[in-house]
Amino acid sequence: MILAMIVINNQGKPRLAKFYNYTPVEQQQHIIRSIYSVLCLQPENVTNFIEGASFLGPDTRLVYKLFATLYFVFVFDSSENELAMFDLIQVYVETLEKCFNNVCELDIVLNYSKMHTILDEMILGGQVVETNSEKVMQAVEEISKLEKVTTATKLISKSASLLWG
């Protein structure tokens with residue numbers, strides 16, 4: 001099971017954090033700080049897979065990939081395949097690239113809800129449900145269309161109520 005997906009910048013600031021089991025906020029912050037402290041110590045020429053038992057609990061692993069100034073990290077248990085998780089990071093980033101054209105930290109900060117929507121289309125309750133970035137993009141575009149229609153409907157009904165009292 002995937003326990004968490006975290007995006008951290010190279011200064012240690014979390015830009016996206018999604019935990020798939022109940023974790024109090026204080027513990028989430030502690031986990032993020034622990035992960036960042038381990039990532040900072042990793043030389044560039046070593047593997048992107050880390051056993052997390054010492055700082056995340058027993059039977060826990062993490063895989064990460066650095067894109068520009070952002071670490072994309074998946075925390076998972078032994079039931080998940082490390083290479084599949086590594087590939088999932090790649091699919092997630094490819095999907096972001098399709099959405100934002102050259103994704104950067106600012107895109108993540110300004111489009112927080114879209115980031116979650118993409119992640120929710122890929123992972124549900126800690127289980128991977130979709131790994132095809134084209135299908136994920138189709139679903140995200142459909143959700144965006146629905147959001148626009150809903151927003152327009154709200155604006156029209158609000159305008160109508162102002163006109164007719």
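There is no path of hydrophobic side-chain contacts, each under 4.5 Å, that joins Met137 to Val91. Ile8 and Leu16 are members of different hydrophobic clusters when ILVMFWY side chains are connected at heavy-atom separations under 4.5 Å. No continuous path of hydrophobic side-chain contacts links Ile35 to Phe76 [ILVMFWY only; heavy atoms under 4.5 Å]. In this structure, Tyr64 is not a member of the same hydrophobic cluster as Leu70, with clusters built from ILVMFWY side-chain heavy atoms closer than 4.5 Å. When the side chains of ILVMFWY residues are joined at heavy-atom separations under 4.5 Å, either directly or via intervening members, Leu83 and Met1 end up in a single hydrophobic cluster.
Minimum heavy-atom separation, Tyr71 to Asn9: CD1-O, 4.2 Å. Listed here is the closest heavy atom pair of Val63 and Ile89: O-CD1, 3.8 Å. Residue His116 comes nearest to Ala17 through the heavy atom pair CE1-O, 4.1 Å, listed as atom of the first residue, atom of the second, then distance. In plain terms, the two heavy atoms of Asp107 and Asn102 that are nearest each other are OD2-O, 3.8 Å. Residue Arg15 comes nearest to Tyr112 through the heavy atom pair O-CE1, 3.5 Å, listed as atom of the first residue, atom of the second, then distance.
Under the 4.0 Å criterion applied to side-chain N and carboxylate O atoms, Asp120 and Lys18 are assigned as salt-bridge partners.
With ring centers used as reference points, Phe86 lies 6.0 Å or more from Phe74. Taking the centre of each ring, Phe72 and Phe67 come in below the 6.0 Å mark.
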Exercise. Run the numbers on Leu96 and Lys114 for side-chain contact (heavy atoms from CB on, under 4.5 Å), then give the verdict.
Key: CA-CA 9 Å; Leu96 294 177; Lys114 188 169 256 189; over 6 Å; no
Practice problem: Starting from the C-alpha separation in whole Å, work towards a yes-or-no answer on side-chain contact (heavy atoms from CB on, under 4.5 Å) for Phe49 and Met85. | Solution: CA-CA 10 Å; Phe49 307 102; Met85 293 295 100; over 6 Å; no
Exercise. Determine, stepwise, if the pair Phe100 / Val103 fulfils side-chain contact (heavy atoms from CB on, under 4.5 Å).
Key: CA-CA 5 Å; Phe100 304 118; Val103 68; 3.9 Å; yes
Exercise. Dump the intermediate steps for side-chain contact (heavy atoms from CB on, under 4.5 Å) on Met5 and Val7, then the final yes or no.
Key: CA-CA 7 Å; Met5 193 286 185; Val7 179; 3.8 Å; yes
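Atoms NZ and CG, on Lys65 and Leu88 in that order, are 12.0 Å from each other to the nearest 0.5 Å. Atom CD of residue Gln138 and atom CD of residue Glu141 lie 7.5 Å apart, to the nearest 0.5 angstrom. A distance of 12.5 Å separates CD of Glu94 from SG of Cys99, quoted to the nearest 0.5 Å. For the atom pair NZ of Lys98 and OG of Ser133, the computed distance is 2.5 Å after rounding to the nearest 0.5 Å. One distance of note links CD1 of Ile31 with CD1 of Ile6; it measures 7.0 Å at 0.5 Å rounding. Rounded to the nearest 0.5 Å, atoms CD (Glu97) and CG (Asn101) are 7.5 Å apart.
Asn81 places a side-chain N or O within donor-acceptor distance of the main-chain N or O of Ala84, the cut-off being under 3.5 Å.
In this structure, Phe19 and Gln27 have side chains that are not in contact, with every pair of non-hydrogen atoms separated by 4.5 Å or more.
Looking at Val38, Leu39, Leu66 one by one, the single match for side chain to side chain contact (heavy atoms under 4.5 Å, CB included) with Val73 turns out to be Leu39. In summary, of the residues considered (Asp59, Thr60, Ile2), a side chain to side chain contact (heavy atoms under 4.5 Å, CB included) with Asp77 occurs for Asp59 alone.
For residues 29-41, there are no side chain to side chain donor-acceptor pair (under 3.5 Å) pairs, not counting sequence neighbours.
Between the side chains of Asn10 and Thr69, not a single donor N or O lies within less than 3.5 Å of an accepting N or O.
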Could you tabulate the donor-acceptor pairs under 3.5 Å formed by side-chain atoms of residues 121-131, not counting sequence neighbours?
{"unit_1": "Glu130", "atom_1": "OE2", "unit_2": "Asn132", "atom_2": "N", "d": "3.1"}

